[in-house]
Amino acid sequence: MSLAQVHHISAAPGDEEAAGRFTAVGPGVSAALLAELEPLIGYALPDGASHRPADAELRSLPQAFTYAVLSDGSRVVGRTAPARGDGTAPVRFHTHAVHLPPGVPLPGDRLPVEAWRSPHWVSATPVGGGALSDPLGLLPPGPAPVREGLDDFAVSRGPWLAAVLADLRRASEEEAPAGGPVVLVERQSADVARWLGLAAATLPRESVERLTFTTYTRRPGSSALRVVGAPPEDAAAAREAGLRVHVCADRPPVDGTADAWARTAARVWRSRAPELFEEARGLPGDPFAAGPLAVIALCSGVALGPEERAAAAGWAAERPYALDAKRTGQLVEALTSPGIDDRTGSEFDAVGRLFGALDGRCPASVTAPLAAMLVTEAVRGGNGSLELPRRDAFVGPEGEAIAGVLGPEILTELESGAGGGRPVARTVQLLRVARLLGVNGTEVLPEVVARLARTILTEADGSEGTPAFAPALLELLDEQFDVRTALLGALDRIAPEDPGAVARFLERVALPFTGTQALPHLRMCAEAPGAMTTLGRDRSAVWHRVLRAAGLSPFAEPLVLRTAVGLVWEDRAPTVEEARLLLEAATSDAHRAAGTWARLVDAALGAPADTEDGTALAHDLLRAFPQEIGGRERAALQLLELCRDLRSGAPEPGWTEQVRTLRDRAAPLEPAIQERAFTALTERLLAPDRPGAELYAFVRSDDADLIAAYDRAARTEPTRTRLRTHPAYAADCFTNWTAHPHAGTAWTTTAAALLDEVLRPAVRGMTAEAVAEVEETVGRTGSSGRANAFRDWNRSRALGRLGRRIAGRVRRG
């Protein structure tokens, strides 16, 4: 069919009153379409261009080659070029356009950009109805006209290629991206057309047909097209308008693009191999995924970067059936090339997936280089996330060769003393690779596993949730029975030292220790969390249950005591009741061997002051572990034992001095023990039957802390009650509190306060007969002078005067 053509002449430059006009319009092009078309073909001279250019200047002015879609779905392909005008208008801008109705393709099913170099565009309106040229229908056959020189152009624009192709791809999407057109800034409008030619060869056909464009405009911000060319002077304004601007006539850009497909396409162009785009479109998958194009490029010898190689390996791993044997071999050869030195972890991971997909599907000669590459990276690169090949991937000469190279390296690293700080994942990887390659590491295994066991607990305690190394570790234990046996044994030996850490690890990682190994400590650690959940705060019940899980008696294996105590009480001390249970559950020899006697001592020393069983526990511990308990702890326990004797009424003489001596030896003494000891001593000194020598030693010690404790005990309600109800006891206290007037300041002050604040209220509350009994008892046990002193004291309210009288009468007596 014959396509309608349109000719238009724009206003002359500088003639603002003149308007452009359509000089010829073919059939079927309505006035509404012409009104829509006119803004698309408007032309403005570049800055600095002469309004009266010479012929050479006229030929150098930019041409606007435009492809647009109109509102009714029809399309327009046209060229606007400067042309010589008449005398009043030396320059006119002539547009020659072809209108394509909706659904009508270009002749020969060509692409719009292919008409750029058509020799049938005219710069003047045909006169007299002469035969119209056909710029679309008379195009030379084949792609050569539009692709001529594109390889050289692409190489010259290498720094901009990836970023521009990425934006042209986005601009060709079905829904035009928001934000205005992509702006290509070139000094020559023909170079913008070459960019569009690159896009036409790179993008799928349906994308190219959506890519509306013009190669030249001075108003890029107001253009409704998807791609526009602009001169350098308009770049800044386009950027300020928020457009995507590529200044290809300036310094190369510093930042690259994140679009892996665009980077791959750019490398293909720089390698002068545009035919690979069509070949890649024959592969399955997203047309703009980097994988298919990267596969074809690698198979054709195009060098790619690590991300693009990873994309190729990943795509081929998902579709191993999509490549024939030849291409598969070429891809493997390209991926494993010894000249590549920039491989990344993600690339190795993708290669690992590719090996898994090809293993068993292709001959071993094809997959062996991939396997060798993976294990080499695992050993030398330290990539712990790699999916390692199966062991039979290294059967034959290839396996022997790689084992001969990597085996010594593996053993050297495993033996190195720095292994204590080696991550778990690294050790696991080395052990797995050693097995794959058949490396004999029997001699180094015990030491390696011992270090590995401690590192496992350290890393697990420093992480939240399941440790990252857990899956690889479990695979290792499943693959290698000797490692599993050695590691479980090492962890079982470590468990008594830090059972809490082992229990927390086993709660996160279910180690396979259900076999024939005894592993009593591991079994206890595995049992503890469930026992605590079930039995709650009943720690004694938890301890019994955990101990049963060991399957061994503490008499046969004392260390199970340590593990059980560590699991249940961790860093806390047992209560006194729990400590007595532990002491009774095993012999002192078992506790001595397990080291748990120290926990029992902690229980006694940490007991609250009002716990009566604490003194009995101290007594038992001193007899059960006489050689083990020493120093401060021994003195503290002896002080508790003395409290027991003071309460029972049968202590050895010299209590006060014993309390003071043991207190000093036990420094720093637990406050509860000191309180208990001082209370026991002072209560005994306040008893009616206490020996006078003990009270005398107490008073003469002038120990401020002890005397303060005596003061507190004398003020308690039991003492006050006894003073009110027992005249003999009141008389005894009066005698004692007045008998040492020349003792130290602490005692004299305290005694005076007790007389006035404790004894006086008690005596005043007595009957006259009881007061007389007190006076009589004071005189009988002391002297007549002391009886007189009591009478004066009982009448007096002045403590100072009483003190003077007491002192004088005592001297006279």
Side-chain angles (χ1 to χ4, degrees), residues 298 303 306 309-310 312-313 316-317 328-360 362-419 421-449 451-452 469 472-473 475-476 479-480 482-483:
L298 288 172
R309 294 193 300 269
T328 300
Q330 292 172 335
L331 177 61
V332 169
E333 184 179 355
L335 291 172
T336 59
S337 171
I340 298 175
D341 58 2
D342 60 347
R343 293 186 177 97
T344 62
S346 59
E347 180 181 354
F348 280 109
D349 290 341
V351 170
R353 295 194 300 273
L354 176 60
F355 174 83
L358 297 181
D359 190 24
C362 298
S365 59
V366 175
T367 57
L370 293 175
M373 171 182 163
L374 292 172
V375 296
T376 302
E377 168 62 12
V379 173
R380 294 178 178 173
N383 189 338
S385 66
L386 281 179
E387 191 69 31
L388 294 175
R390 294 180 296 108
R391 189 173 186 181
D392 55 11
F394 298 96
V395 176
E398 295 87 354
E400 293 177 3
I402 194 67
V405 173
L406 297 180
E409 297 180 24
I410 294 172
L411 292 177
T412 299
E413 185 171 351
L414 287 174
E415 290 177 311
S416 65
R422 186 188 304 121
V424 173
R426 177 60 176 165
T427 302
V428 168
Q429 189 81 310
L430 290 173
L431 290 172
R432 295 186 68 196
V433 174
R435 177 180 177 273
L436 288 176
L437 300 179
V439 177
N440 185 2
T442 305
E443 293 184 2
V444 303
L445 187 61
E447 184 179 353
V448 170
V449 170
R451 290 196 300 258
L452 176 62
F469 61 76
L473 176 65
E475 285 189 36
L476 171 69
E479 293 169 354
Q480 303 185 39
D482 54 342
V483 174

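Heads up: numbering here begins at 1 and tracks the sequence. As the structure is a prediction and not an experimental result, all values here were calculated from the model.
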Inset, instruction - Please round to the nearest 0.5 Å and tell me the distance separating atom CD1 of I410 and atom CD of E415. - result: 12.0 Å
Inset, instruction - Apply side-chain contact (heavy atoms from CB on, under 4.5 Å) to T376 and list each qualifying residue two or more places apart in sequence or on a separate chain. - result: R380, I402, L406
Legend entry - From L436 atom CG to Q429 atom CD, the distance as rounded to the nearest 0.5 Å: 9.0 Å
Legend entry - Test item: V448 and V483 side chains (from C-beta on) under 4.5 Å apart, heavy atoms: no
Inset, instruction - Can you sort out the partners of T412 under side chain to side chain donor-acceptor pair (under 3.5 Å), two or more places apart, ordered by chain and number? - result: none
Inset, instruction - For D341, check side chain to side chain donor-acceptor pair (under 3.5 Å) against everything at least two apart and list the hits. - result: none
Inset, instruction - Evaluate the side-chain proximity of P389 to D359: yes if any heavy-atom separation is below 4.5 Å, no if none is. - result: no
Inset, instruction - Quick one: closest heavy-atom pair of L331 and A312, and the distance? - result: CD1-CB, 4.3 Å
Inset, instruction - Look up atom CG in L335 and atom CG in L354, then write down how far apart they are to the nearest 0.5 Å. - result: 6.5 Å
Legend entry - Residue pairs passing the salt bridge (Lys or Arg N to Asp or Glu O under 4.0 Å) test where at least one lies in residues 363-373, sequence neighbours excluded: none
Legend entry - 4.5 Å side-chain heavy-atom contact, E413 and L430: yes
Inset, instruction - Please test R451 against T427 for side chain to side chain donor-acceptor pair (under 3.5 Å), starting from the C-alpha separation and ending with a verdict. - result: CA-CA 10 Å; R451 290 196 300 258; T427 302; over 6 Å; no
Inset, instruction - State whether R309 and D342 are salt-bridged, where the test is any N-O pair (Lys NZ or Arg NE/NH1/NH2 against Asp/Glu carboxylate O) under 4.0 Å. - result: yes
Legend entry - Within-4.5 Å side-chain heavy-atom neighbours: M373 and R343: yes
Legend entry - Heavy-atom pair with the smallest gap, counting every atom of L374 and F355: CD1-CB, 3.9 Å
Inset, instruction - Working to the nearest 0.5 Å, report the span between CZ of R435 and CG of D482. - result: 9.0 Å
Inset, instruction - Determine whether F469 and V428 make a side-chain contact, defined as any pair of heavy atoms from C-beta on separated by less than 4.5 Å. - result: no
Inset, instruction - Tell me, please, which residues at least two apart from E475 pass salt bridge (charged side-chain N to carboxylate O under 4.0 Å, His left out). - result: R432
Inset, instruction - With sequence neighbours left out, write down each residue that passes side-chain contact (heavy atoms from CB on, under 4.5 Å) with V439, or none if nothing qualifies. - result: L411, A434, L437
Legend entry - V351 versus A313, closest heavy-atom pair with distance: N-CB, 4.0 Å
Inset, instruction - Ignoring hydrogens and angles, tell me if any N or O in the side chain of Q480 forms a donor-acceptor pair with the backbone of L431 under 3.5 Å. - result: yes
Inset, instruction - Report yes if some heavy atom in the side chain of V332 is under 4.5 Å from a heavy atom in the side chain of L358; otherwise report no. - result: yes
